[in-house]
Asks: 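This is the structure I have questions about; it appears just below.
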Amino acid sequence: MTAKIMGVLNVTPDSFSDGGQCFDISDAVHSAQYMIAQGVDIIDIGGESTRPYADRVSLKDELKRIIPVIEILAKITDIPISIDTSKPEVMIQAIKSGASMINDVCALSVNGALEVASELCVDVCLVHMQGVPKNMQSNPMYSDIIENIKHFFADKIEACISTGINESKLILDPGFGFGKTYEHNLEILRRFDEFKSFGLPLLAGISRKTMIGQMLNDRDVNERVTGSVVGAIIAVQNGADIVRVHDVRETKDALMVLGSVN
Ligand code: 9MG
């Protein structure tokens, strides 16, 4: 079975990858339609930037950005919509408006998020992050990055199950770039298959990230498409079931080529 493509739809004015182009509601819907035409499997909508040093967004602003987009998309497509948020109230409103998955870079650590996810009974992606976006890239350190992430996943899975979330709803993501150095990211990519031991689907988000820029001698964010596609393919070969990407068509082509020989 080939990996699924989760397309990134940032509805933020400061998104590092689209320069804010997707901020307008109709632009966001248009971008989603473009991804659908290119064969996206899941659309991941976010109203708060999770990039390093990003400022927090208020609940009101986050809802104002994403809810109208979800409402429109839910009417025009059956493609699953994922809500990229850590706020329980946003999770509730987004699912009510037509989203069917939670993508939480804080792995349900915000007060009330575990209970809300349990109530909503939807798929949840648990992302590993050390720190918070504001400080996560200030000298991240681990004694053993892979063991640390595995312990984190084990603890989170246990917390989810004891709050009533069915294990079959969980997706694990080691969180490339979320409190990790370049070397940490490389180690995770090399040893991605070790997270298979949990028997849950794995998600990899590498697209256009700093680590790709670093692999390409500090290449600008808009010039990282090929590197991102190759990164996604390596992740899939090492066990990723879902890849979160900006460039749907290019990633889809690469996955089809990979699927033809596997
Ligand atoms: C929202 N977001 C930004 N980067 C991400 C990543 O690597 N994985 C997931 N699940 N979400 C991400």
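Just the heavy atoms: all of them, side chains too, but no hydrogens, waters or symmetry mates, feed the values below. In each ligand, atom 1 is the first atom listed, and ligand 1 is the first ligand listed.
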Asks: Quick one: list whatever passes salt bridge (charged side-chain N to carboxylate O under 4.0 Å, His left out) with K134, sequence neighbours left out.
Replies: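 Result, salt bridge (charged side-chain N to carboxylate O under 4.0 Å, His left out) vs K134: D55.
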Asks: Can you run down the ring-ring contact (aromatic ring centres under 6.0 Å, His included) pairs that involve residues 155-191, sequence neighbours left out, and say none if there aren't any?
Replies: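 Residue pairs passing ring-ring contact (aromatic ring centres under 6.0 Å, His included), neighbours aside: Y142-H184.
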Asks: For ligand 1, what are the residues with a heavy-atom contact below 4.0 Å?
Replies: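 Residues T50, D84, N103, V105, C125, V127, D173, F178, L203, G205, K209, R244 each place a heavy atom under 4.0 Å from ligand 1, listed by chain and number.
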Asks: Give me the one residue out of N238, L172, I146, L200 that meets side-chain contact (heavy atoms from CB on, under 4.5 Å) with F195.
Replies: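 With F195 as partner, side-chain contact (heavy atoms from CB on, under 4.5 Å) holds for just one option, I146.
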Asks: Without hydrogens or angle criteria, can the side chains of T12 and N10 be said to hold a donor-acceptor pair below 3.5 Å?
Replies: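 No pair is found: no donor N or O on one side chain lies under 3.5 Å from an acceptor on the other.
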Asks: Is there a side-chain contact between I25 and V69 (heavy atoms, below 4.5 Å)?
Replies: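 Answer yes - side chains close enough.
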Asks: Excluding sequence neighbours, so at least two apart, what forms salt bridge (charged side-chain N to carboxylate O under 4.0 Å, His left out) with E71?
Replies: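 E71 satisfies salt bridge (charged side-chain N to carboxylate O under 4.0 Å, His left out) with no other residue.
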